[in-house]
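The structure appears below as structure tokens.
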2 protein chains.
Amino acid sequence: MTTTTAAQKKAQAKVEYDAFLAQCPSRKLIDRIADKWVTLVLAALNSDGSHRFGLDCAGEPRPMRYSELSRLLAGVSQKMLTQTLRSLERDGLITRTVVPTVPVTVTYELTDLGISLHHVMRGLKGWAETHMDDVLANRATYDNRDA
Amino acid sequence: MTTTTAAQKKAQAKVEYDAFLAQCPSRKLIDRIADKWVTLVLAALNSDGSHRFGLDCAGEPRPMRYSELSRLLAGVSQKMLTQTLRSLERDGLITRTVVPTVPVTVTYELTDLGISLHHVMRGLKGWAETHMDDVLANRATYDNRDA
DNA sequence: GGAAGTAGGCACCTGAAGGTGCGTAACGCC
DNA sequence: GGCGTTACGCACCTTCAGGTGCCTACTTCC
């Protein structure tokens with residue numbers, strides 16, 4: 001019983017740390033935006049749609065239809081688009097409104113919360129555009145180190 | 001051949017979009033920080049180590065030893081810690097210095113690039129702390145909608 | 001009358017992330 | 001002399017995010 005200290009203490013610390021991570025807001029946010037299509041959808045909904053790709057956002061928030069998003073984010077599967085939109089709606093980042101036209105159409109729009117989140121994403125984008133080249137250069141140097 | 005338009009065009013668009021994503025700096029950055037332990041390591045290296053958990057960073061950059069990180073980030077496996085540190089070193093975000101003491105000790109330290117990245121992470125942290133409660137509230141409301 | 005668009009649901013499958021466990025080689029502690 | 005520490009490497013195993021394909025009803029275009 002007295003010799004359990006080392007391993008047991010580490011196990012205990014791990015449980016505590018895992019519990020901490022499970023309710024850490026920052027971690028939750030990272031998990032949220034780490035979803036492959038979340039950022040793309042946010043960017044698309046914030047753009048004016050005239051751009052070829054979602055991340056080149058320069059317009060202002062505008063409601064978009066499901067099919068429109070599907071076309072803009074050409075790489076997304078129907079399943080993932082639906083899933084992503086549902087989860088974003090669930091979190092109150094976008095709104096989903098059904099318009100009972102001949103074939104039902106559905107429009108999605110950023111909420112204020114979604115817009116504010118997109119703002120911080122712009123911050124990330126800024127860093128990425130100014131520093132990512134350095135990172136890639138470092139990576140190349142590292143890989144050729146022992147070539 | 002003439003009837004291939006619809007499906008084929010979509011497939012073509014998908015290929016182009018995937019290619020775009022593959023070299024998009026923002027996406028690369030998101031993939032980078034989405035790694036489970038990357039942000040934790042950055043935060044830990046930026047803190048003074050006196051705090052119980054890595055994300056509660058308030059100190060200034062300080063070199064840390066492998067075992068020290070392992071203890072601070074109690075939940076991380078040795079494999080993942082090593083892997084994470086290697087990839088961060090590869091990207092020039094941290095430096096790895098081997099000190100030939102009796103049992104070799106290794107210290108890791110943030111580079112300027114790593115520090116600047118951590119700054120934008122602080123931005124994310126700020127949003128998370130102020131808005132994540134709203135998100136969780138929305139989520140709860142959504143889930144109890146049809147209960 | 002067949003194809004395409006409207007917004008998805010459902011089931012299956014795979015690749016990769018991440019965890020666990022074991023080994024190392026030299027040394028200090030009790 | 002057996003266990004602990006130091007900083008990993010390697011192999012196996014599980015899990016699950018995400019992709020693919022097939023389905024719906026209804027309508028309109030060619």
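Throughout, protein chains are lettered first and strands after them, A, B, ... in sequence-line order, and every chain is numbered starting at 1.
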Round to a whole Å and report the spacing from [atom1] of [X] to [atom2] of [N].
X	N	atom1	atom2	result
B:R27	D:dG18	CZ	C1'	13 Å
A:L81	C:dT6	CG	C1'	13 Å
B:Y66	D:dT5	OH	P	14 Å
B:I33	C:dA17	CD1	P	17 Å
A:E68	C:dG5	CD	P	15 Å
B:L73	C:dG19	CG	P	12 Å
A:M64	C:dA7	CE	P	13 Å
A:D35	D:dA17	CG	P	8 Å

A:T39-B:R27 side chain donor-acceptor pair, cut-off 3.5 Å =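 Yes, a side-chain donor-acceptor pair sits under 3.5 Å.
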message = Students often get this wrong, so: under 4.0 angstrom with heavy atoms, is A:T82 touching a base, only sugar-phosphate, or nothing?
response =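 The answer is sugar-phosphate, as A:T82 gets under 4.0 Å only of primed atoms, P, OP1 or OP2.
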query = Touch check for A:S67, heavy atoms < 4.0 angstrom, all strands: base, sugar-phosphate only, or nothing?
reply =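 A:S67: backbone/sugar contact only, no base atoms under 4.0 Å.
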message = Which is more 5' along DNA chain C, the nucleotide nearest A:Q83 or the one nearest A:P103? Just name the residue.
response =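 The residue mapped nearer the 5' terminus is A:P103.
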ask   = For the side-chain contact (heavy atoms from CB on, under 4.5 Å) test, which of B:L72, B:L73, B:V76 pairs with A:Y17?
value =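 The passing option is B:L73.
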Options [options], nucleotide nearest the side-chain atoms of [X]:
X	options	answer
B:T105	D:dA7, C:dG19, D:dC8	D:dA7
B:Q78	D:dA7, C:dG8, D:dG19	D:dA7
B:R71	C:dG8, C:dT6, D:dT6	D:dT6

If only side-chain N and O atoms of [X] are considered, is one of them under 4.0 Å from the OP1 or OP2 phosphate oxygen of [N]?
X	N	value
A:R86	C:dG9	yes
B:R96	D:dC8	yes
B:K36	C:dG19	yes

message = Does the plane of the ring in B:Y66 sit parallel, tilted or perpendicular to the ring in B:Y108? Use 30° and 60° as the thresholds.
response =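 Answer is tilted, since the angle falls between 30° and 60°.
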base_contact_polar (D:dG19 base, A:K79 side chain, donor-acceptor, <3.5 Å) =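 By the distance-only test, yes, there is a pair.
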request  = Would you indicate whether the side-chain heavy atoms of B:L93 and A:N138 approach each other to under 4.5 Å?
outcome  =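 Not touching, per the 4.5 Å side-chain cut-off.
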ask   = Tell me, do B:L69 and B:L45 make a side-chain contact under 4.5 Å, heavy atoms counted?
value =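 Yes. Closest side-chain heavy atoms under 4.5 Å.
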